[in-house]
Amino acid sequence: MNGQEEPKGTGNNEELSAAAPSHFIKDIIEEDIRKNKNDGRVATRFPPEPNGYIHIGHAKSICLNFGLAKQYGGTCNLRFDDTNPSKEDTEYVDSIMDDVRWLGFTWDDRLYYASDYFDRLYDYAVQLINDGKAFVCDLSAEEMREYRGTLKEPGKESPHRNRSIEENLTLFEAMKNGEFPDGSRTLRAKIDMSSGNINMRDPVIYRIQRSHHHRTGDKWCIYPMYDFTHCLSDATEGITHSICTLEFENNRPLYDWILDQLPVPCHPQQIEFARLNLTYTVMSKRKLLELVTKKYVSGWDDPRMPTICGMRRRGFTPEAIRDFCDRIGVAKRDSTVDVALLEHCLREDLNMRAPRVMAVLNPLRVVIENYPEGKVEEFDAVNNPEDEGAGTRKIPFARTLYIEQEDFREDSPKKFFRLAPGKEVRLKHAYYVTCTDVIKDPATGEITEIRCTYDPETRGGWSKDGRKVKGTLHWVSADHALDAEVRLYEHLFTAEEPEGDKETHYLDLLNADSLKVLNGCKVEPGLREAAPGTRYQFERQGYFCVDLKDSSPEKPVFNRTVPLRDSWAKIEKKDS
Ligand code: ATP
Ligand code: MG
C-alpha cells in the first residue's frame, strides 16, 4: 500500500450479522422437528478426545453443534471422549474447556466424560455376552489382522468365537480383574466376518491396557473402544443428532448395530459432514503435537499454530472465527478452504473494532529544522473512522520524529508518493513536511537521518490554500514514543497443502520466514498501559495485538495478527 491511500475496510457489515446459511444437516433437523421425531427435541454434543489442544477444525464442529442447539432451542453437551488414557491429560481437558468458552459457547451443567460411563459400559458389554453377541478372543493383534480379511476378501472367524456364554462371562470378568497381561485378550462383538464393511467383522469392543486414567486412576485395566463407547455415551445422554466427520461414515452401521442390541434410552442418528482443511496448514493433532514436542514452534499457543489458543494469542476474535465457520458452510465432500477467507473474516471484524494507532516498525529519524526545540503540540486523532463512538485521542508532535524507513527513498521512482528529497508529504493528523536534506553515516553510506521543514499553515494535516500532497505517512514523536518488540508472522508452511504432498514430509515444508522479530520499533505513547490481548490497527501496517504471554509495560510485545492487504477481497471482486 502506498502512502497516498488511507486503509479501508472491506465493508459489507450486513453480511456479518446475517443469519448463517442453511445446509443439509439443518434440513435433516427441520424435517425431524416437523415429524416430531424425538418429541421435537434437538440435542447435540461436542465430543473431543483430550489428547491435544483443539484447532480451527474443531471450531467448525463446535460452531456447528452448539450453533444448531442454539438455533433450534435445544442443548449441546460437552463430552470428553476419554477412552485412551495413555494419550490423554487434564491439561488438555482444561484447555479445551477454556477454548470452547472463549469461542462463545456454554454447556451450562452439561459437562460429561465417557469415563463416567465406564461402569455402565461394562454392564452393557456383559449384556452382549449374555445375549450371545460378544465373545472373549485370545488372538494376538497380528493374528487378528490376518483373520480380518481385506476389502476384497471376507475375514475368517476367530477360533474362540463359539465359546460358551459362561466361559465368556468368566473370562471377561477375569480380564477386568487384571488376571491377564496387556493385549493378551479382547472382547469382540459377534457380528459378521464376511461383511463388506470391515468395521462389522467382529470388532474389538474392549482391550486390556494397564494405563493410569486421568479421572478413573487405576480402577480399570480394561478400556472400552471408541466405537462402543461413543454410541452408548450419545444414547445415555439422549443425544438426538450425533454429528461427526466423514471418516466415521463406515462406522455408522456398527454404531447402529450396538444401539439396536441394547436397551438404550434412545437411538441417536449419526450424521457425517466434511472436515475442515485449510491451505498452508496442518490440522492433524498428531502433527501439531510433533511441531510442539520437536520445538518447531514455541508451544500449542504459538501464534502461528492453527490451535484456538494460538489464534487467540495471534489476535483472532471469536466473532471472526464464528463468522468464518458460518461462511464455509457444511458439506458432504472434503475440500480445502483458502486460509485467505479466514483472514478476510478477521479483517472485517477488526476493521470495525480495532482502534487505529501509529507505530513505526523500522524507524528512520526525522528532524523538522524549523520546528522549535522543546516545543510539543498535541493533535487529535480519530480512534476508529468505522466507529464514531470510539472517540479521539491526543498524540504528541515535536521536532524529532520517526517515520518508516521504507517511506523514504533518496532516488525515488516516478510513482513513489512518499518522502524524497524536495518532496512534500502529509504527516497524518499533523503537518505537511518537505524533505530538505539527507544525513548519512560517512563510513557505511547508510541513511541515518532526514531533515525536513514543516509548513505551519497545514496544522492538523490540511493545507488552507488547497495544496494537495499525494502521500500521507504515519509517524511517532521520538521523545514520546515507546520502544516495542513486534513479531511478524507468515504461514507456517510454504506449501498450499503440506499434508497432501506424498513426496515431501510436512516438516520439510516448514516456512523458515514464518516468524520475524523486530526490535526497536516505536509506538505511540498511549499504548503504554495496553492490556495483554488488546487489538489495534497500526496505521498502514495491519492489525496487531499485545502478546498475552511475553508483553510487559517495560517491554511491550505486539503480534501482527494480519496485514491489511486482503487477497480474498480481491478474489471476491474478480468473481463478482
Ligand atoms: P483424533 O481423533 O485423531 O485424536 P480428531 O481431530 O478427530 O483427532 P477429536 O478430539 O476426536 O479429534 O475431535 C472432536 C470432534 O471434532 C470430532 O467430532 C471431530 O469429528 C471434530 N473435528 C476434528 N477435526 C475436525 C476438522 N478438521 N473439521 C471439522 N471437525 C473436526
Ligand atoms: Mg477423533
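Worth knowing before you read on, the calculation uses all heavy atoms, side chains too, and leaves out hydrogens, waters and symmetry mates. Note that the numbering runs from 1 along the sequence shown for the chain.
- Counted by atom type alone, R393 and N383 present one or more donor-acceptor pairs between their side chains at under 3.5 Å.
- Remark: side-chain polar atoms of Q71 are not paired, donor with acceptor, to backbone N or O of G67 under 3.5 angstrom.
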For H241 and D32, what are the C-alpha separation, side-chain angles and deciding distance, and is it a side chain to side chain donor-acceptor pair (under 3.5 Å)? CA-CA 10 Å; H241 300 85; D32 289 347; 2.7 Å; yes

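- Remark: D513 pairs with no residue by the salt bridge (Lys or Arg N to Asp or Glu O under 4.0 Å) rule, at least two apart or across chains.
- Every residue two or more places apart in sequence or in another chain that forms a side chain to side chain contact (heavy atoms under 4.5 Å, CB included) with P203 is listed here: A189, I191, L254.
- Under the 4.5 Å side-chain criterion, counting only non-hydrogen atoms from C-beta, V337 is not in contact with L342.
- Sequence neighbours left out, not one pair with a member in residues 317-340 passes ring-ring contact (aromatic ring centres under 6.0 Å, His included).
- Using a 4.5 Å cut-off on side-chain heavy atoms (C-beta onward), P50 and D94 make no contact.
- R426 places no side-chain N or O within donor-acceptor distance of the main-chain N or O of L473, the cut-off being under 3.5 Å.
- Side-chain atoms of T245 never come within 3.5 Å of backbone atoms of E247 as a donor-acceptor pair (strictly under, hydrogens ignored).
- Applying the ring-ring contact (aromatic ring centres under 6.0 Å, His included) test to residues at least two apart or on different chains, the pairs with a partner in residues 65-87 are F66-F105, F80-Y113.
- Applying the ring-ring contact (aromatic ring centres under 6.0 Å, His included) test to pairs two or more places apart or on separate chains, those with a residue in residues 279-304 are Y53-W300, Y280-H491.
- Between the side chains of R110 and N77, at least one donor-acceptor pair of N or O atoms lies under 3.5 Å.
- Judged by distance alone, with hydrogens and angles left aside, the side-chain atoms of R275 form no donor-acceptor pair with the main-chain N or O of L246 at under 3.5 Å.
- Between the T561 side chain and the F316 main chain, no donor and acceptor come within less than 3.5 Å of each other.
- In this structure the side chain of P306 reaches within 4.5 angstrom of the side chain of L288, judged on heavy atoms.
- Under the side-chain hydrogen bond (donor to acceptor under 3.5 Å, both in side chains) criterion, H214 pairs with no residue, sequence neighbours left out.
- Remark: the backbone N or O of P355 is not paired with any side-chain donor or acceptor of N384 at under 3.5 angstrom.
- Ring pair Y223/H213 is parallel by interplanar angle, where below 30° counts as parallel and above 60° as perpendicular.
- Taking the six-membered ring where the residue is Trp, the centroids of F248 and Y255 are separated by 6.0 Å or more.
- Aromatic ring orientation, Y226 versus H230: parallel (interplanar angle below 30°, classes split at 30° and 60°).
- Under the 3.5 Å distance criterion, the side-chain polar atoms of D483 are left unmatched by any main-chain donor or acceptor of G520.
- When all heavy atoms of A59 and I308 are compared, the closest pair comes out as CB-CD1, 3.9 Å.
- Here the closest heavy-atom approach between residue A320 and residue D349 is recorded as N-OD2, 3.8 Å.
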Intermediate values then yes/no, side-chain contact (heavy atoms from CB on, under 4.5 Å), D99 and H58: CA-CA 10 Å; D99 290 344; H58 294 105; over 6 Å; no

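- Side chain of T494 to main chain of L509: a donor-acceptor pair is present (N/O by atom type, distance under 3.5 Å, no hydrogens or angles).
- Between Y506 and E290, the side chains place a donor N or O and an acceptor N or O closer than 3.5 Å (distance only, hydrogens not considered).
- Residues satisfying the salt bridge (Lys or Arg N to Asp or Glu O under 4.0 Å) test with E490, not counting sequence neighbours, are none.
- Using a cut-off of 4.0 Å between Lys/Arg side-chain N and Asp/Glu carboxylate O, R327 and E348 are scored as salt-bridged.
- Residues T317 and R353 are in side-chain contact: their nearest non-hydrogen atoms beyond the backbone lie under 4.5 Å apart.
- Minimum interatomic distance between L346 and V562 (heavy atoms only, all atoms of both residues): CD2-CG1, 4.0 Å.
- Using a 4.5 Å heavy-atom threshold, the side chains of N519 and K555 count as touching.
- K87 meets the salt bridge (Lys or Arg N to Asp or Glu O under 4.0 Å) test with no other residue; sequence neighbours excluded.
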Could you check W107 against F46 for side-chain contact (heavy atoms from CB on, under 4.5 Å), going step by step and ending with a plain yes or no? CA-CA 10 Å; W107 53 88; F46 172 62; over 6 Å; no

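- The distance from atom CG of D302 to atom CG of L291, rounded to the nearest 0.5 Å, is 9.0 Å.
- Using a cutoff of 4.0 Å between basic side-chain nitrogens and carboxylate oxygens, R45 and E237 are not scored as salt-bridged.
- For R365, the salt bridge (Lys or Arg N to Asp or Glu O under 4.0 Å) partners two or more places apart in sequence, or in a different chain, are E449.
- In this structure N199 satisfies the side chain to side chain contact (heavy atoms under 4.5 Å, CB included) test together with N197, N250, N251, sequence neighbours excluded.
- There is no side-chain donor-acceptor pair under 3.5 Å between R356 and H474.
- R540 has no carboxylate O lying under 4.0 Å from a charged side-chain N of E404, or vice versa, which leaves the two without a salt bridge.
- Legend: residues meeting side chain to side chain contact (heavy atoms under 4.5 Å, CB included) with P532, ordered by chain and number and at least two apart, are L548.
- Listed by first then second residue, pairs satisfying salt bridge (Lys or Arg N to Asp or Glu O under 4.0 Å) with a partner in residues 526-535 number zero, not counting sequence neighbours.
- One N or O on the side chain of D82 and one on the backbone of S115 form a donor-acceptor pair closer than 3.5 Å.
- Between S551 and V557, the shortest heavy-atom distance links the atoms OG-N, 2.9 Å.
- Classification of R252 and D256 as a salt-bridged pair fails, no side-chain N sitting under 4.0 Å from a carboxylate O.
- Salt-bridge formation is detected for the pair D547/R313: a Lys NZ or Arg NE/NH1/NH2 atom is positioned less than 4.0 Å from an Asp or Glu carboxylate oxygen.
- Looking only at side-chain heavy atoms (C-beta outward), L527 and T534 stay at 4.5 Å or farther from each other.
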So R215 and V93, side-chain contact (heavy atoms from CB on, under 4.5 Å) or not? Walk me through it. CA-CA 11 Å; R215 285 179 61 84; V93 170; over 6 Å; no

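- Counting all heavy atoms, side chain and backbone alike, D27 lies closest to S22 at OD1-OG, 3.6 Å.
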Go through V523 and F544 one step at a time and tell me if the side-chain contact (heavy atoms from CB on, under 4.5 Å) criterion holds. CA-CA 12 Å; V523 302; F544 291 74; over 6 Å; no

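- Using a cutoff of 4.0 Å between basic side-chain nitrogens and carboxylate oxygens, E272 and K332 are scored as salt-bridged.
- In this structure, F493 and L510 have side chains that are in contact, with non-hydrogen atoms separated by less than 4.5 Å.
- A heavy-atom distance below 4.5 Å is found between the side chains of L515 and Y489.
- Side-chain atoms of T472 never come within 3.5 Å of backbone atoms of K428 as a donor-acceptor pair (strictly under, hydrogens ignored).
- More than 12 heavy atoms of other residues, nucleotides or ligands sit less than 6.0 Å from atom CD of E31.
- The shortest non-hydrogen separation linking K60 to L276 is CD-CB, 3.7 Å.
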